[in-house]
S.K.: 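One structure is given below, represented as structure tokens, and several questions about it will come after.
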Amino acid sequence: MRPWRGRGIDPAELENARLSRSLVRRVGGYATPYKWLIAGFLVTVVAGAAAGVATPLVIRSLINDAIPAQDQSAINVLALALVGTTLASAGLSLLGRYWSSRIGEGLIYDLRVALFDHVQRMPMAFFTNTQTGTLISRLNNDVVGAQSAVTGTIGTAVSDVITVVATIVTMAALDWRLTLLSLAILPLFLLPSKRVGTVLAGITRESMQLNASMNTTMTERFGSAGALLVKLFGRQDAELDRFARRASRVRDIGVRQAVFARSFFIGLSLLSAMGLAVVYWMGARMVADGSLLIGDLVAMGILVQRVYSPLANLTNARVDLMRAFVSFERVFEILDAPHAIVDAPDATGLADPAGRIELDHVTFTYPAASTTTIASLTEGRVSERESGVVLEDVNAIIEPGQLVALVGPSGAGKSTLASLLARLYDVSSGAIRVDGVDVRRLSQASLREAIGVVNQDPHLFHETVAANLRYAKPDATDAELVAACSAARIHELIASLPEGYDTLVGDRGYRLSGGEKQRLAIARMLLKDPAIVVLDEATSHLDTENEALVQAALDRALDGRTAVVIAHRLSTIIDADQILVLDDGTIAERGTHTELLADGGLYADLYRNLVRNAAETPTP
């Protein structure tokens, strides 16, 4: 099969495609843990096929033997046999459904867990370049499609093959002439099935694309930030119109698909009826001239009805299989996406970190989007152009317990440097060392356990205050939560809420103000108790009074810890042990506040602007 290109495969290409052996083997690998369930399913299908052909044979014996002989005992036995075969068919059908559901649900569980684990370990560049709604659609819809390939399409095809073989063999044993006559109509099934399969594949493809697009729209617009933007710009009607156009197309496609499929079904039903009529016509003539018993004709009629439906399914099985296996390809496309940032084979843990940081000729360029994401998750809109150099030949040593401030104009590389420290990205050249060990030689878990980060816009999950705090320390006691929040000067506010620490914070914490979110994030960082703290504009949303309170808490909390602070607030900058002034990706100046002011360079200009802005900011 040719690779999936993201916006669906052309129906003609689907018809000409071939299942690759590697894909089949890989799918088989996921089904291997369920081999005993699959064996049970196959046994059930074979037994069900046997029970299915047994029913007309019992009727044949009843008409040909028991009734003419007026054998009441035989009639009773055969009647009970009919009941038994019916009950057996029903029971085997239920058992087969149990086996198939166990296989399918187990497979969908395995795929979902594997995909979730793989995606969450992708680098940050993957998430910044990927449409969230499309990714979620892929994780949901295509996994279900892969499940249907195993328990639906493949399971049905296997069942149909066994049923057809068993039925045709039984028919041939009864009368080979009527068997050939009933199969002569088969080409009339084959001719329309090829065209119908192609059309339905195209309809399904477009429907999947539109549903994924609507899913992306809802994910973006129904998030609190997206909903706020829509409201502030008054774009509700425009968004409704845009969504309605796609939804109307899905509606029209659904109607077309339903009518087309039903028309095809009706056509096959008419063909089946014609075939049955021909068999009864010829069979009746044979009964009339004595070359066929009437019981044989009745049994043949039942078997003909039983064989046409699976035959019709099998005529289109190839297209169904190809369409279903596309879901597996799309799932594997994500599972095969490489993790750009992985632990080295001999990675070591950062035990009892002291917090010494060394930047050794660090140079960094953001990778091209096409190397960090999957084109099909961005609707093909992936840039092939790399960004310019963000950091170039940066050197610095931060001793344990030091407070270092990163200052500089917007876009100078301050936040990027903090991201490299936590190894959200890997340096392009040079090295970053923590306690003398290159971060690429440390396990990511131990490195990030040693680093606590508070961003300018901290993220909170739509859970309770306590749950958001315990994300840093799942086994934290209530007393520890209170202590951390008290240090961040947020406990009194939380305690005043109707449900206290059990209060839901809302999507992305939108029930809290910017300053409250930042203080809660600071409390979460304090609960983590890291050796290195990164504050990325962590007090930018606080008013003067709250900033003073939080700054006092941070002063105590940062005592003995290495702190890297990206800030424009005067209090943090002035008290820093070392100030690194970044400009256009390089360290333009370094030193203490007093030293840099005396130099009269870029820092002095930045500081004068900060003083001016602080003076112009009204006091609340």
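Note that the coordinates shown come from a computational prediction; the quantities given were computed from them, not determined experimentally. Hydrogens, waters and symmetry mates play no part in the numbers below; they use all other heavy atoms, side chains included.
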S.K.: Does V581 reach the side chain of D583, with side-chain heavy atoms less than 4.5 Å apart?
M.R.: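 No, too far: nothing below the 4.5 Å cut-off.
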S.K.: Output, in order, the C-alpha distance, side-chain angles, deciding distance and verdict of side-chain contact (heavy atoms from CB on, under 4.5 Å) for L335 and F332.
M.R.: CA-CA 5 Å; L335 288 175; F332 293 151; 4.0 Å; yes
S.K.: Could you please spell out the steps behind the side-chain contact (heavy atoms from CB on, under 4.5 Å) verdict for L597 and Y603?
M.R.: CA-CA 7 Å; L597 274 185; Y603 176 80; 4.2 Å; yes
S.K.: In the structure I gave you, are the side-chain heavy atoms of F328 and R26 within less than 4.5 Å of one another anywhere?
M.R.: no
S.K.: Would D426 and R440 pass as an ion pair if we require N to O under 4.0 Å?
M.R.: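 So D426 does not pair with R440 through a salt bridge.
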S.K.: Might you confirm whether atom CG of D584 has over 12 heavy atoms from other residues, nucleotides or ligands at distances under 6.0 Å?
M.R.: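 At most 12 heavy atoms, drawn from other residues, nucleotides or ligands, come within 6.0 Å of this atom.
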S.K.: Is there a donor-acceptor contact under 3.5 Å linking the side chains of T416 and Y366?
M.R.: yes
S.K.: Tell me every residue that passes side chain to side chain donor-acceptor pair (under 3.5 Å) with D475, counting only those two or more places apart in sequence or in another chain.
M.R.: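 By the side chain to side chain donor-acceptor pair (under 3.5 Å) rule, D475 matches no residue at all.
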S.K.: Using the test side chain to side chain donor-acceptor pair (under 3.5 Å), find all partners of R242 that sit at least two apart in sequence or belong to another chain.
M.R.: none
S.K.: Evaluate the side-chain proximity of L359 to L417: yes if any heavy-atom separation is below 4.5 Å, no if none is.
M.R.: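 Side-chain contact under 4.5 Å: yes.
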S.K.: Run the side-chain contact (heavy atoms from CB on, under 4.5 Å) check on M122 and H118 step by step: do they pass?
M.R.: CA-CA 7 Å; M122 293 296 287; H118 188 84; 3.9 Å; yes
S.K.: Is the closest side-chain heavy-atom distance between Y501 and L469 below 4.5 Å?
M.R.: yes
S.K.: Any heavy-atom pair between the side chains of V465 and V505 that's under 4.5 Å?
M.R.: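 Sidechains of V465 and V505: in contact.
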S.K.: Are L481 and R470 side-chain neighbours, meaning at least one heavy-atom pair lies under 4.5 Å?
M.R.: yes
S.K.: Is there a side-chain contact between I494 and L520, using heavy atoms and a 4.5 Å cut-off?
M.R.: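 Yes, at least one pair of side-chain atoms sits under 4.5 Å.
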S.K.: Could you go through the side-chain contact (heavy atoms from CB on, under 4.5 Å) check for R433 and R441 one step at a time?
M.R.: CA-CA 9 Å; R433 299 185 182 90; R441 311 301 302 177; over 6 Å; no
